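Following: one structure in structure tokens, then a few remarks.
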Amino acid sequence: MDRNNPIVIGLDVGTQSLKLVAYDPQSRQVAATHGEALELASGDDGSREQRAEWWIDAIRACFSRLDPALRARTIAIGVSGQQHGFVPLDRAGNVLAPAKLWCDTSTAAECDLIMDAVGGAQRAIDIAGNPIMVGYTASKLPWTREHRSQAYAQLATIMLPHDYVNFWLTGERWMECGDASGTGWLDVRTRQWSDAMIAATDGDRDLHDCLPPLVEADALFPIAADIADELGLPRGVQVSAGGGDNMMAAIGTGNVSPGVLSMSLGTSGTLFAHADRPIVDDAGRWAAFCDSTGGWLPLICTMNCTVATEAVAGLCDFSTRDGDALLASTRPGAGGLLMLPFLNGERTPNLPNGRGSLFGMTATNFTPANLYRAAMEGAVYSLKNGYDAFIDAGMRFEAIRLTGGGSHSAIWRQMVADVFGLPVDVPEQAEGAAFGAALQALWATRRAGDASTDLAALAAAHVRLDPRLSAHPHAEATAAYAAQYQRFLSHLDAIRPLYA
């Protein structure tokens with residue numbers, strides 16, 4: 001292992017793909033990136049599942065394409081993972097069933113059952129800081145007890161996707177508070193498990209016994225020797241605590257101190273900010289999460305972002321790679337076409353049983369280009385709806401840092417700037433979650449030698465913005481979007497009773 005010329009690796013277990021970023025902290029350059037597509041099993045009941053072995057196979061594939069010289073220089077790995085997924089293990093560490101994912105809405109009824117057991121959504125917020133929203137891990141346990149009773153009976157360990165990858169890499173079982181926030185069981189104010197929320201999930205069994213110990217954000221664990229050998233890595237490689245993809249994207253976009261707003265445009269859309277104290281909303285309008293640095297991460301999540309644009313592109317038989325060129329002939333407002341893109345149900349606004357809706361069709365505006373723009377605009381309006389809650393609470397931001405697949409599109413970037421009326425900046429490292437995981441691994445290894453190593457200073461040194469990708473709001477477009485956004489809100493109010 002070459003500690004004089006080290007490489008740190010970030011892995012991001014996403015919904016659509018697994019990504020590997022190898023980062024050289026001395027040259028401050030990404031040395032390599034690799035990705036592997038992931039399958040998604042979907043059901044008409046809202047189920048969205050993956051098999052844990054698909055993630056491991058994808059990791060093997062990415063490492064097989066990584067230059068052996070880079071592998072030999074690797075000193076640490078950080079793992080980012082899609083939040084809220086449930087990976088059930090037996091006592092021997094075997095996976096008992098497919099992993100139900102963050103975008104799985106088949107457990108919506110179980111959310112209500114858990115909250116009813118503690119006295120309602122408001123009581124859940126009082127107890128732990130968050131209601132149990134659709135997709136949260138807690139709701140997947142009673143569903144599994146009902147629908148996969150044998151797996152539930154053998155359940156010994158509850159893991160999230162990034163926890164399982166860590167377990168495969170090290171043989172150790174642990175969780176950290178950032179990703180654990182999305183289970184629904186963590187009291188985000190105290191960063192400890194909530195006895196009341198755990199008991200409400202299953203009153204006949206103590207699920208504490210199935211939860212791994214919580215560790216600090218800078219924790220390190222040695223890679224298992226056999227896994228190091230299989231991947232062609234030195235046996236001295238360390239694995240950091242890792243975290244949820246939003247927590248890692250916060251690090252990867254430099255959002256580790258108050259005042260920065262990050263937006264991720266991926267399968268889901270997210271908005272998040274750093275806080276040095278818990279930011280809990282009594283109305284539950286945002287997720288009051290911990291982050292993976294020792295702080296907190298108030299977060300807005302929508303379940304339909306690039307999902308909507310990809311669905312339209314597939315329907316109209318073109319590639320999203322050609323989307324920007326197609327939209328060159330359209331104007332803000334999509335000619336009056338308006339989409340509420342709730343194809344997966346929705347979390348923000350809270351409509352777990354919601355479905356996509358299309359309004360304002362005429363003989364002249366119903367074109368593939370306007371339909372694609374309406375999907376993109378609808379996804380951004382959903383995020384704006386959440387952003388308004390941040391502003392109502394007194395939060396203020398001067399710019400947005402954009403990451404995720406949508407950040408590659410000039411149209412997405414300009415649309416976000418215009419809709420939000422804020423300048424948009426894009427970090428050079430587009431894979432924010434994987435890059436953030438690599439930076440967390442770098443921070444943890446440096447803290448192991450010097451406990452005073454500051455993550456904010458490290459992020460400031462390594463997260464660089466690409467001025468060529470910046471976008472600034474245009475007053476005329478901002479006004480056009482504002483009018484269409486009001487239509488979005490009025491149509492949202494109209495359809496709410498249909499999906500209550």
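FYI, side chains are in, hydrogens and waters are out, and symmetry mates aren't considered; it's all heavy atoms of this structure. Please read all numbers here as calculations on a predicted model, not as lab measurements.
Rounding to the nearest 0.5 Å gives a distance of 8.0 Å between CG of Leu492 and OG of Ser382. Distance check: Ser319 OG to Leu326 CG gives 11.0 Å after rounding to the nearest 0.5 Å. Expressed to the nearest 0.5 Å, how far CZ of Arg347 lies from OG of Ser268 amounts to 8.0 Å. In this structure, CG on Leu271 lies 8.0 Å from CG on Leu299, to the nearest 0.5 angstrom. Atoms CD and CG, from Gln440 and Asp291 in turn, are 9.5 Å apart once rounded to the nearest 0.5 Å. With rounding to the nearest 0.5 angstrom, the CZ atom of Arg189 is 10.0 Å from the CD1 atom of Ile127.
Under a 3.5 Å cut-off, the side chain of Lys140 and the backbone N or O of Gly135 do form a donor-acceptor pair. A donor-acceptor pair is defined here as one N or O able to donate and one able to accept, closer than 3.5 Å; such a pair exists between the side chain of Glu176 and the backbone of Gly178. Between the side chain of Thr367 and the backbone N or O of Asn370, at least one donor-acceptor pair lies under 3.5 Å. Side-chain N or O atoms of Trp54 include none that pairs as donor or acceptor with a backbone N or O of Ala37 at under 3.5 Å. Without hydrogens or angle criteria, Trp55 side chain to Tyr164 main chain gives no donor-acceptor distance under 3.5 Å. The main-chain N or O of Gly333 is found under 3.5 Å from a side-chain atom of Gln484 such that the two form a donor-acceptor pair. Of the possible polar contacts, one joining the Asn365 side chain to the Gly360 backbone as a donor-acceptor pair under 3.5 Å is found. Judged by distance alone, the side chain of Asn255 and the main-chain N or O of Phe272 form a donor-acceptor pair under 3.5 Å.
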Exercise. Could you please spell out the steps behind the side chain to side chain contact (heavy atoms under 4.5 Å, CB included) verdict for Leu455 and Trp443?
Key: CA-CA 6 Å; Leu455 179 57; Trp443 171 61; 3.6 Å; yes

*Please lay out, stage by stage, how Asp12 and Met248 fare under the test side chain to side chain contact (heavy atoms under 4.5 Å, CB included).*
CA-CA 9 Å; Asp12 178 39; Met248 294 296 101; over 6 Å; no

Query - Trace of the side chain to side chain contact (heavy atoms under 4.5 Å, CB included) decision for Val419 with Tyr485 - result: CA-CA 8 Å; Val419 171; Tyr485 177 56; 5.8 Å; no

Intermediate values then yes/no, ring pair (Phe, Tyr, Trp, His ring centres under 6.0 Å), His462 and Tyr23
CA-CA 10 Å; His462 292 276; Tyr23 182 64; 5.6 Å; yes

Original post:
Taking it one step at a time, do Phe289 and Asn130 satisfy side chain to side chain contact (heavy atoms under 4.5 Å, CB included)?
Top reply: CA-CA 8 Å; Phe289 288 164; Asn130 290 294; 4.1 Å; yes

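Heavy atoms of other residues, nucleotides or ligands lying less than 6.0 angstrom from CZ of Arg331 number 12 at most.
Using modelled atom types, one finds a donor on one side chain and an acceptor on the other under 3.5 Å when comparing His162 with Asp179. At a cut-off of 3.5 Å, with distance as the only test, no side-chain donor of Asp245 or Ser80 sits close to an acceptor on the other residue.
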Less than 3.5 Å apart, which donor and acceptor atoms pair up between the side chains of residues 301-313 and the rest of the protein, not counting sequence neighbours?
unit_1, atom_1, unit_2, atom_2, d
Thr302, OG1, Gly269, N, 3.3
Thr302, OG1, Gly269, O, 3.3
Asn304, OD1, Leu343, N, 3.0
Asn304, OD1, Asn344, N, 2.7
Asn304, ND2, Gly345, O, 2.7
Asn304, ND2, Glu346, OE1, 2.9
Thr306, OG1, Gly266, O, 2.8
Thr306, OG1, Thr267, N, 3.2
Thr309, OG1, Thr306, O, 3.1
Glu310, OE1, Gln16, NE2, 2.8

Donor-acceptor pairs are to be reported for all side-chain atoms of residues 397-406 against protein atoms at under 3.5 Å, with residues two or more places apart or in another chain.
unit_1, atom_1, unit_2, atom_2, d
Arg401, NH1, Thr253, O, 2.7
Thr403, OG1, Ala430, O, 3.1
Thr403, OG1, Gly432, N, 3.3

For residues 472-479, dump all side-chain donor-acceptor pairs below 3.5 Å to protein atoms at least two apart in sequence or in another chain.
unit_1, atom_1, unit_2, atom_2, d
Thr478, OG1, Asp418, O, 3.0
Thr478, OG1, His474, O, 3.1

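Between Arg413 and Val426 the shortest side-chain heavy-atom distance falls below 4.5 Å. Ile158 places none of its side-chain heavy atoms less than 4.5 Å from the side chain of Thr183. At least one side-chain heavy atom of Phe342 sits under 4.5 Å from a side-chain heavy atom of Ile495. Annotation: side chain of Ile132 is not in contact with side chain of Trp185 (no heavy-atom distance under 4.5 Å). Pro352 has its side chain within reach of Asn350: a pair of non-hydrogen atoms, C-beta onward, lies under 4.5 Å apart. Contact check for Leu18 versus Ile59: side-chain heavy atoms found under the 4.5 Å cut-off. With contacts defined as side-chain heavy-atom distances shorter than 4.5 Å, the pair Asn385/Leu489 qualifies. At a threshold of 4.5 Å between non-hydrogen side-chain atoms, the residues Thr33 and Lys19 do not count as touching.
Screening residues 101-116 for salt bridge (charged side-chain N to carboxylate O under 4.0 Å, His left out), with sequence neighbours left out, gives Lys100-Asp104. Screening residues 30-46 for salt bridge (charged side-chain N to carboxylate O under 4.0 Å, His left out) gives Glu36-Arg65 as the qualifying pairs, with residues at least two apart or on separate chains. The ring-ring contact (aromatic ring centres under 6.0 Å, His included) contacts involving residues 101-128 comprise nothing, where partners must be two or more places apart or lie in separate chains. Residue pairs meeting the salt bridge (charged side-chain N to carboxylate O under 4.0 Å, His left out) criterion with at least one partner in residues 271-287, sequence neighbours excluded, are Asp281-Arg285, Arg285-Asp392. Judged as a salt bridge (charged side-chain N to carboxylate O under 4.0 Å, His left out), the pairs with a partner in residues 354-382 (not counting sequence neighbours) are, in order, Arg373-Glu377.
Of the charged side-chain nitrogens involved, none lies within less than 4.0 Å of a carboxylate oxygen, so that Arg191 and Asp187 do not count as a salt-bridged pair.
Ring geometry for Tyr381 against Phe488 counts as tilted: the plane angle lies between 30° and 60°, on a 0 to 90° scale.
In this view, His491 satisfies the side-chain hydrogen bond (donor to acceptor under 3.5 Å, both in side chains) rule with no residue, not counting sequence neighbours. With sequence neighbours excluded, no residue satisfies salt bridge (charged side-chain N to carboxylate O under 4.0 Å, His left out) with Asp322. Evaluation of the salt bridge (charged side-chain N to carboxylate O under 4.0 Å, His left out) rule for Asp493 yields Arg496 as partners, not counting sequence neighbours. For Asp466, the salt bridge (charged side-chain N to carboxylate O under 4.0 Å, His left out) partners are Arg468, not counting sequence neighbours.
Closest non-hydrogen pair, Ala217 versus Ser292, comes out as CB-O, 3.2 Å. When all heavy atoms are compared, the tightest approach of Leu38 to Thr15 is CB-O, 3.9 Å.
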